[in-house]
Amino acid sequence: MLATRRCLTPSCFKLPTSRVLSSSFSVPIIHRSSTACLFSSSTASYNVEVSNTTSTNISEYQHQLQSVRVAPTESVDEVRRNLDPLLQQTRYIVWSSHALHRTYRFPTYHRAILFITRIAALAEQSNHHPIIEVTHNRDLSLTWTTNFPKGLSSKDIAMARASEDIAVELETSEHGPKPEGAPHFGPWDGDWTMAPTKLFRPPKKDEWGALRSPKTRKGWPHKP
Ligand SMILES: C[C@H](O)[C@H](O)[C@H]1CNC2=NC(N)=NC(=O)C2=N1
């Protein structure tokens with residue numbers, strides 16, 4: 001039954017990252033010319049009706065491998081060969097066919113910022129920079145893509161790999177706290193066990209002055 005007609009090119013084909021490596025989709029090799037796609041109403045599978053092509057079962061990550069748009073200066077086979085283990089062993093996904101995207105969750109906001117400083121050092125060193133987003137609940141997403149020339153390159157894959165190593169070291173929620181005796185990241189870094197109230201205290205009475213807006217401070221230089 002025709003549920004909805006939607007574009008199926010990778011650029012508009014977004015998957016909830018939590019499921020991207022667990023579900024297998026019966027997605028056939030799609031002729032570029034075909035635009036008719038049928039989405040079953042359930043989100044568990046996608047049936048694509050393509051003129052006289054039988055559907056073949058490929059897993060989602062194989063589909064992403066096939067849809068990846070490689071930077072023109074790179075060998076497509078080599079990029080796919082290096083990309084394959086990354087997609088299988090980590091939660092990175094190919095996003096809009098030319099980027100690698102992944103979200104981590106950190107135990108504290110401090111730890112997320114520490115992760116950014118480590119990634120920034122690496123990015124500067126290799127002159128290859130990600131798009132980074134951090135949210136209030138300590139989710140941090142990285143997106144690696146090559147801008148000049150446009151496409152996915154082996155640099156993106158190498159940086160994604162390196163970000164995984166740093167994430168393990170900084171104990172993201174998937175990797176859990178370090179074993180006893182492991183190095184701590186510094187006294188200012190939030191502690192797994194430290195309750196939020198201990199991390200924040202309202203300013204003491206005499207500190208209010210520093211917080212007061214300049215307008216109400218006595219003798220504040222008047223506007224010229
Ligand atoms: C001038 C400088 O070398 C280029 O702009 C670098 C900087 N960092 C980069 N980072 C990424 N992700 N892609 C690039 O093409 C890129 N180019």
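Ligands are counted one by one from 1 in listed order, and the atoms in each one are counted from 1 as well.
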### Task
Mind checking salt bridge (Lys or Arg N to Asp or Glu O under 4.0 Å) for D139 and listing every partner two or more places apart, or none if nothing turns up?
R105
### Residue list, side chain to side chain contact (heavy atoms under 4.5 Å, CB included) with R161, at least two apart or on another chain
P85, L86, Q89, T90
### Query
Is it the case that N137 and T135 place a side-chain donor and acceptor less than 3.5 Å from each other?
yes
Under 3.5 Å: N or O atoms of ligand 1 paired with protein N or O:
{"residue": "ligand 1", "atom": "3 (O)", "partner": "N127", "partner atom": "ND2", "Å": "2.6"}
{"residue": "ligand 1", "atom": "8 (N)", "partner": "N127", "partner atom": "O", "Å": "3.3"}
{"residue": "ligand 1", "atom": "8 (N)", "partner": "H129", "partner atom": "ND1", "Å": "2.8"}
{"residue": "ligand 1", "atom": "10 (N)", "partner": "H129", "partner atom": "N", "Å": "2.9"}
{"residue": "ligand 1", "atom": "12 (N)", "partner": "H129", "partner atom": "O", "Å": "2.8"}
{"residue": "ligand 1", "atom": "12 (N)", "partner": "T145", "partner atom": "O", "Å": "2.7"}
{"residue": "ligand 1", "atom": "13 (N)", "partner": "N147", "partner atom": "N", "Å": "3.3"}
{"residue": "ligand 1", "atom": "13 (N)", "partner": "N147", "partner atom": "ND2", "Å": "3.2"}
{"residue": "ligand 1", "atom": "15 (O)", "partner": "N147", "partner atom": "N", "Å": "3.1"}
{"residue": "ligand 1", "atom": "15 (O)", "partner": "F148", "partner atom": "N", "Å": "3.1"}

### Query
Is there a donor-acceptor contact under 3.5 Å linking the side chains of H98 and D156?
no
### Query
Any side-chain donor-acceptor pair under 3.5 Å between Y104 and E164?
yes
### Message
If the condition is side chain to side chain contact (heavy atoms under 4.5 Å, CB included), which residues does S154 pass it with, not counting sequence neighbours?
### Response
E74
